[in-house]
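Below, chains carry the letters A, B, ... as their sequence lines are ordered, and counting in each starts from 1.
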Amino acid sequence: MARVKIDNYAYRDVPRLGFTGWLRWMWRQVTSMRVALILLILLALAAIPGSMLPQWPQAPSDTQAFIDANPFWGPLLDATGFLDVFGSAWFTAIYVLLFASLIGCIIPRVMVYWRELREPVSAAPSRLDRYEPVTEAADRDPREALEAARRELEGSGPLRWFTGYRVRIDERDSKRADAGAELAMSAHKGHVRELGNLVFHLSLVGILLAVAAGSLLTYRGQALIVEGDSFTNAVVAYDSYEAGALFSQDDLDPWILSLDQFDAQFGLDGNPLEFTAHGMLTEPGQEPREVEAQVNRPIQVDGAKIYLQGNGYAPRFTVTDSEGNVAFEGNVPFLPQDEVYTSTGVIKVPDVTDGEQLGFKATLLPTAVASETGPISVHPAPTNPEIYLQAYTGDLGLDDGVPQNVYQLDESQLSPVRGDDGNPLLVAMELGETVTLPDGLGTVTWESMPRFAAFDLRRDPSLPWLLAASIGALTGLAMSLFAQRRRVWLVVPLAPAGPDTTSGSDAVPTTVVTAAMWAPDHDTAARHQVERALAAATGRPAADPSPEDS
Amino acid sequence: MTAQELSWFALWGATALYAIAMIASSIHLARVADAKVAAKKLAAVAAGDSGVGETGAAQATPASARIQVNDKANGIAKATTLVGALLQGVGVVARGFESGHVPWSTMYEYTITGTWVAVVVFLIVQRKRDVSYLAPGVTGFATIALGLGLTVLYAQSTGLQPALQSFWLVIHVSIAIIATGVFVVGAVATVLQLLRDYRDSGAGWLQRWNWLEATPSASKLEALAFRLNAVGFVLWTFTVMAGAVWAEHAWGRYWGWDPKEVWSFVIWVIYAAYLHARTTQGWAGRRSAYLSLIGFVALIMNFTVVNIVFQGLHSYAGV
Ligand code: HEM
């Protein structure tokens with residue numbers, strides 16, 4: 001049976017396979033490589049819209065805005081998956097097919113490789129003429145010459161499997177006219193390259209599996225902690241929480257994280273220089289320990305990591321109602337809207353003893369200065385903080401049972417509090433100030449201005465596997481691209497080459513060594529291998545490679 | 001002189017030197033080509049004189065008449081490229097001192113460092129072999145990119161954003177830049193390969209470009225481009241992986257299909273397709289060469305169009 005050889009560079013140069021083997025090999029190559037190639041190109045094309053159109057998972061509000069702004073294209077693109085490309089059926093189909101093709105391609109190659117490794121390398125071609133052979137005479141016994149060349153090509157040391165050639169030597173009848181017996185050495189290198197290729201492709205499958213496992217086993221949640229407050233790890237405590245299908249909430253460890261202080265440093269131009277959250281972490285059954293989170297330095301806890309994702313101000317307010325009772329007291333996180341931390345927040349005061357509920361929309365300017373268009377903030381640090389409040393009365397809509405966004409005021413059942421001139425009232429406040437609302441609505445006091453830190457929590461047990469598979473892929477890739485694929489052949493006639501060598505019993509025999517090699521075009525250094533093999537066979541020092549042979 | 005001024009002058013100096021190198025190397029290329037064409041003609045004439053039968057003489061002539069050209073232009077090209085690279089090195093390092101961090105955190109810095117790496121890669125290849133035919137392309141690219149960088153992209157240095165304060169900035173971005181530099185030289189070789197290939201197969205409009213005679217054969221150029229692209233691809237693979245590790249550290253997810261991530265992936269897949277195409281019948285040669293050029297265009301897009309137009313977490317790398 002003609003052995004099927006998967007040998008990708010070889011097809012142009014080394015027709016050593018029988019006709020059927022060649023056909024099968026062609027079929028394999030043409031079909032699967034071509035399909036793989038087309039799928040790869042499709043994959044690249046299919047990914048591009050994911051960077052050009054807004055995507056649901058990355059930017060839900062932009063995506064919604066896009067759909068609203070494009071009444072025809074928006075819903076159409078949405079329905080066809082273009083607004084969630086990487087979750088769409090067609091993108092999934094392409095990569096699933098690609099990986100199916102990959103597995104279908106790689107498994108037979110692994111088998112072939114396994115078989116080939118255990119068999120001797122194939123014998124030297126009977127004629128070397130096609131490979132630009134080089135001939136040189138050696139004052140040595142033929143066997144000695146070939147053994148020397150074998151040592152040179154096989155290499156030495158513990159890594160010789162990786163660095164050297166696999167060699168075989170046959171004694172056979174020469175095909176040349178002046179026939180006689182000859183010794184033919186065949187040396188192959190390329191097993192490392194092929195191994196690298198297999199490791200690389202298998203590692204790609206590994207990466208895919210790790211990512212898939214990760215999406216099932218992971219959980220992630222977001223929590224916002226104000227300076228002085230703490231957070232207990234439980235699903236209800238998160239502002240948002242999502243978990244893979246195989247993650248159970250019971251696996252959450254109830255540790256407690258408190259935020260003692262949040263340091264934010266900004267340059268004169270307002271660019272952030274450093275953010276550090278100082279806190280205390282208490283794990284069940286353990287002493288509390290001090291922890292620090294920075295943007296590139298997450299806190300490690302119980303297999304999970306806590307990332308510092310955002311920060312801002314959470315001014316503290318006290319609101320009294322018309323009776324003078326404290327109706328609200330607490331920190332209100334304000335969301336920064338720009339680089340200078342112009343921030344907006346909402347205060348909801350449902351618990352008034354008497355009368356209607358109160359709501360406030362507030363804008364915070366950390367470093368307020370007057371400008372032509374009104375006060376603006378010019379720096380994110382709290383140098384001259386001011387808050388502008390708009391008050392509303394009516395029904396906050398909290399009792400409808402519909403979950404509410406804490407950063408938004410539902411104005412449908414509220415009406416703005418108006419000033420003496422009949423316009424909606426806009427109250428400016430400074431830190432520490434108490435303002436009295438008109439119509440006996442009560443007072444608002446801005447007590448202090450702590451910061452908050454927004455944390456992102458994530459546990460993904462697949463990460464070590466993913467890393468291992470990636471390193472495997474990278475190593476395999478480097479091996480498959482940089483390890484050489486070369487063949488070197490040395491042939492020596494066993495019969496003495498000239499009549500004169502038979503004359504004396506102690507005369508050194510003259511052996512004519514013929515050497516040739518094959519390597520892919522890009523391997524320009526390969527020719528020098530013949531020189532080294534010849535030098536070893538004849539026992540002379542090898543010449544330096546010419547500049548072209550590198 | 002402040003570090004800022006030093007950097008500025010050194011980079012402009014380098015740009016000027018590259019422009020000279022581009023002209024000188026083009027002249028050299030044209031001379032080599034002329035000499036080769038002349039040698040061919042001579043050979044044809046010799047063959048004609050000595051009768052059709054005597055092929056031996058006809059073959060001997062071009063080989064024995066080693067192509068002699070005046071090396072002055074080549075000398076100028078080599079010297080200006082080398083001095084330009086040294087100056088640019090000074091400019092890049094001075095920018096690093098000026099900003100107090102590695103000089104590759106904005107587009108401007110990425111451009112000055114990336115073109116520098118491209119020129120250095122070219123110089124390294126040139127030490128080993130005569131690749132003077134690549135010189136006009138590489139120095140031309142460097143002149144344009146540096147010039148655009150200095151005029152359009154220049155930005156005052158600022159401190160590093162907290163998200164960039166990581167040793168992964170050093171690793172991930174430096175390898176990305178080196179990969180880009182290698183791909184640039186690979187792309188120049190590929191363009192020459194295609195031009196040469198079409199000329200050799202008789203494309204009319206290329207017959208007037210005699211300078212192409214100075215390049216090696218299309219298959220040699222392909223081999224060179226492959227070696228460069230292979231190195232670039234391994235480096236790019238590392239870049240993408242290191243980026244994922246960094247993203248995991250900084251943002252808490254290793255991959256989020258941010259525009260920059262999408263494009264890095266697209267580039268990677270296109271070059272992977274190129275590698276497969278090289279070994280696929282009917283795709284080896286021209287088609288795979290086109291694929292690698294498409295990959296290169298995507299690479300350039302990734303840090304121009306993607307930075308400027310698309311919003312994403314990477315957009316702080318913007319102008
Ligand atoms: C996820 C999809 C795939 C990716 C990302 C991928 C990537 C790569 C890369 C980067 C190389 C370069 C290494 C080298 O040249 O040795 C390569 C080579 C190779 N791939 Fe794939 N591959 C994929 C699927 C496939 C499939 C489906 C097949 C089966 C037909 C395949 C067969 C090969 C072969 C035979 C080589 C060796 C080419 C050579 O001799 O250089 N690959 N692949």
Side-chain angles (χ1 to χ4, degrees), chain A residues 8-9 11-12 26 29-30 33-34 36-37 40-41 43-45 47-48 50-52 55 57-59 62 85-86 211 220 267 269 271-275 294-298 305-309 456-458 460 463 466-467 470-471 473-474 477-478 481-482 520-524 547-548 550, chain B residues 128-130 158-166 168 219-220 222-224 226-227 230-231 233-234 237-238 241 244-246 248-263 265-267 269-270 272-273 275-277 279-284 291 294 298 306 309-312:
Chain A
N8 296 288
Y9 288 114
Y11 64 82
R12 269 178 278 165
M26 267 260 288
Q29 288 297 301
V30 170
M33 273 298 252
R34 184 150 296 173
L37 179 57
L40 277 170
I41 295 174
L43 188 69
L45 284 178
I48 293 176
S51 71
M52 303 194 152
Q55 301 287 301
Q58 280 80 30
D62 290 356
V85 167
F86 304 104
V211 171
R220 98 180 280 163
D269 54 0
N271 277 323
L273 297 178
E274 195 187 310
F275 297 129
Q294 287 186 332
V295 178
N296 268 300
R297 288 165 195 84
K305 285 194 193 125
I306 308 174
Y307 301 89
L308 177 60
Q309 285 300 57
D456 209 342
L457 242 113
R458 181 157 181 163
D460 186 346
L463 287 181
L466 186 62
L467 186 65
S470 306
I471 292 173
L474 190 64
L477 182 67
L481 286 173
F482 301 143
D521 287 346
H522 64 260
D523 188 358
T524 43
E548 287 301 304
S550 52
Chain B
K128 294 220 162 186
R129 54 179 66 204
D130 179 18
T158 55
L160 274 189
Q161 304 223 4
L164 291 181
Q165 292 166 8
S166 163
W168 286 103
S219 76
K220 282 226 169 89
E222 186 327 296
L224 177 68
F226 165 67
R227 291 180 66 179
V231 174
F233 186 73
V234 172
T237 309
F238 180 83
M241 287 175 180
V245 174
W246 187 10
E248 206 271 325
H249 269 266
W251 299 323
R253 90 284 183 292
Y254 53 83
W255 198 266
W257 296 112
D258 167 273
K260 200 84 179 190
E261 290 167 351
V262 173
W263 280 85
F265 172 79
V266 168
I267 293 161
V269 173
I270 297 175
L275 290 173
H276 283 97
T279 58
T280 305
Q281 281 192 18
W283 283 76
L291 271 178
I294 293 172
V306 176
V309 179
F310 303 135
Q311 280 301 309

Practice problem: Could you tell me whether R458(A) and E248(B) have a side-chain N and a carboxylate O separated by less than 4.0 Å? | Solution: no
Quiz item: Among V245(B), I267(B), V234(B), which residue forms the greatest number of heavy-atom pairs with chain A at distances under 4.5 Å?
Solution: V234(B)
Quiz item: Considering only heavy atoms, which portion of V231(B) lies under 4.5 Å from any heavy atom of chain A: side chain, backbone, both, or neither?
Solution: both
Self-check item: Donor-acceptor pair, side chain of Q294(A) and main chain of E274(A), under 3.5 angstrom
Solution: no
Quiz item: Hey, are the side chains of D456(A) and R220(A) touching, using non-hydrogen atoms and a 4.5 Å cut-off?
Solution: yes
Quiz prompt | Contact origin within L463(A) toward chain B - heavy atom pairs under 4.5 Å | solution = side chain
Quiz item: Distance from F275(A) atom CZ to L308(A) atom CG, nearest 0.5 Å?
Solution: 8.0 Å
Self-check item: Rounded distance [0.5 Å steps], CG in L275(B) versus OG1 in T280(B)
Solution: 10.5 Å
Quiz item: Can you tell which of Y254(B), F238(B), F265(B) has the highest number of heavy-atom pairs within less than 4.5 Å of chain A?
Solution: Y254(B)
Quiz item: Hey, what do you get for CD1 (I270(B)) to CD1 (I294(B)), rounding to the nearest 0.5 Å?
Solution: 6.5 Å
Quiz item: Side chain, backbone, both or neither: which part of L45(A) has an atom under 4.5 Å from a heavy atom of chain B?
Solution: neither
Quiz item: So, do W246(B) and N296(A) sit near enough that their side-chain heavy atoms are less than 4.5 Å apart?
Solution: yes
Exercise. Sort D460(A) into side chain, backbone, both or neither according to what part of it lies under 4.5 angstrom from a heavy atom of chain B.
Key: side chain
Exercise. Heavy-atom distances under 4.5 Å only: say whether L466(A) touches chain B with side chain, backbone, both or neither.
Key: side chain
Quiz prompt | Proximity breakdown for W263(B) and chain A, heavy-atom pairs closer than 4.5 Å | solution = side chain
Quiz prompt | Separation between NE2 of H522(A) and CG of L481(A), rounded to the nearest 0.5 Å | solution = 8.5 Å
Self-check item: V85(A) versus chain B, the contacting section by heavy-atom distance below 4.5 Å
Solution: neither
Self-check item: Which of S219(B), A298(B), A277(B) touches chain A most, by non-hydrogen pairs under 4.5 Å
Solution: A277(B)
Self-check item: Engaged part of L291(B) at the chain A interface, taking heavy atoms whose separation is under 4.5 Å
Solution: side chain
Practice problem: Using a cut-off of under 4.5 Å on heavy-atom pairs, state which of G252(B), A223(B), A250(B) scores highest against chain A. | Solution: G252(B)
